[in-house]
Novice: 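Dropping the structure in here first, questions after.
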Amino acid sequence: FAKTVEEGDCMLWTGYLGNGVPMVSHDGVLYPVRKLLLMLAGEEMRDGMWYGTKCGCKTCVNPAHISRMTSKQHMAKMACGRAW
């Protein structure tokens, strides 16, 4: 969380963005920050899942704001311009 700034309830990522997605290196592997936070919290990761935000902020990494969605749900949100 050292690479975040608080804005309201959001924790905005100030580190590296890969295609607009907050990314970080962990144990030599590049991960989306939201996915890594859930992994480190012990949550099971399923293939094909996307990790966006409920708040709609592209760079928010607040664990309480993380939204899990299927590829189909992600594509539907992208079509509406609400992928985050």
Side-chain angles (χ1 to χ4, degrees):
F1 296 113
K3 293 188 177 186
T4 64
V5 293
E6 290 186 39
E7 186 173 301
D9 289 340
C10 293
M11 298 174 71
L12 305 181
W13 184 251
T14 61
Y16 173 72
L17 298 174
N19 292 327
V21 176
M23 303 289 284
V24 67
S25 179
H26 178 71
D27 289 338
V29 178
L30 192 61
Y31 288 96
V33 174
R34 295 179 197 111
K35 181 176 181 177
L36 181 61
L37 287 172
L38 294 177
M39 288 171 54
L40 293 174
E43 293 201 26
E44 182 181 340
M45 297 292 108
R46 294 185 302 172
D47 288 339
M49 292 300 288
W50 293 80
Y51 303 92
T53 62
K54 297 172 189 172
C55 62
C57 181
K58 288 183 179 185
T59 60
C60 181
V61 295
N62 181 338
H65 293 191
I66 297 174
S67 172
R68 294 156 200 80
M69 60 192 115
T70 65
S71 183
K72 185 177 180 177
Q73 291 168 323
H74 175 70
M75 296 307 269
K77 280 185 133 184
M78 284 182 60
C80 295
R82 301 178 301 130
W84 306 103

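For the numbers below, each heavy atom of this structure counts, side chains included, while hydrogens, waters and symmetry mates do not.
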Novice: Can you name the side-chain contact (heavy atoms from CB on, under 4.5 Å) partners of Phe1, sequence neighbours left out?
Specialist: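 Checked Phe1 against side-chain contact (heavy atoms from CB on, under 4.5 Å); matches are Thr4, Met11, Leu37, Pro63.
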Novice: Specify the closest pair of heavy atoms between Met23 and Leu30, including all atoms of both residues, with the distance to one decimal.
Specialist: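 Looking at all heavy atoms of both residues, the shortest contact is CE-CG, 3.7 Å.
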Novice: To check you understand the geometry: which heavy-atom pair defines the closest contact between Val21 and Pro32, and what is its length?
Specialist: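 Looking at all heavy atoms of both residues, the closest pair is CG1-CB, 4.2 Å.
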Novice: Would you say that Val24 contacts Trp13 through its side chain, given a criterion of any heavy-atom pair below 4.5 Å between the two side chains?
Specialist: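 Result yes, sub-4.5 Å side-chain heavy-atom pair found.
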Novice: Does Ser71 have any side chain to side chain donor-acceptor pair (under 3.5 Å) partners at least two apart in sequence or in another chain, and if so, which?
Specialist: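 Expected list: none.
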Novice: Just grab all the salt bridge (charged side-chain N to carboxylate O under 4.0 Å, His left out) pairs involving residues 59-70, residues at least two apart or on different chains.
Specialist: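 Counting only pairs at least two positions apart or across chains, the salt bridge (charged side-chain N to carboxylate O under 4.0 Å, His left out) contacts touching residues 59-70 are Glu43-Arg68.
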Novice: State the OH-CE distance between Tyr51 and Met39, to the nearest 0.5 angstrom.
Specialist: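 Nearest 0.5 Å value for the OH-CE distance: 9.0 Å.
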Novice: Look up atom CE in Met49 and atom CD in Glu44, then write down how far apart they are to the nearest 0.5 Å.
Specialist: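 One finds 10.5 Å between CE of Met49 and CD of Glu44.
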Novice: Residues in side-chain contact (heavy atoms from CB on, under 4.5 Å) with Glu7, at least two apart?
Specialist: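 Result, side-chain contact (heavy atoms from CB on, under 4.5 Å) vs Glu7: Leu12.
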Novice: Could you pull out all residues at least two apart from Thr14 that satisfy side-chain contact (heavy atoms from CB on, under 4.5 Å)?
Specialist: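 side-chain contact (heavy atoms from CB on, under 4.5 Å) check on Thr14 returns Lys3, Val5.
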Novice: Judged by atom type as modelled, is there a donor-acceptor pair below 3.5 Å linking the side chain of Asn62 to the main-chain atoms of Ala64?
Specialist: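 Confirmed, Asn62 side chain pairs with Ala64 backbone.
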Novice: Tell me the closest heavy-atom pair linking Cys57 and Arg34, and the distance in Å.
Specialist: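 That closest heavy-atom pairing would be O-NH2, 3.9 Å.
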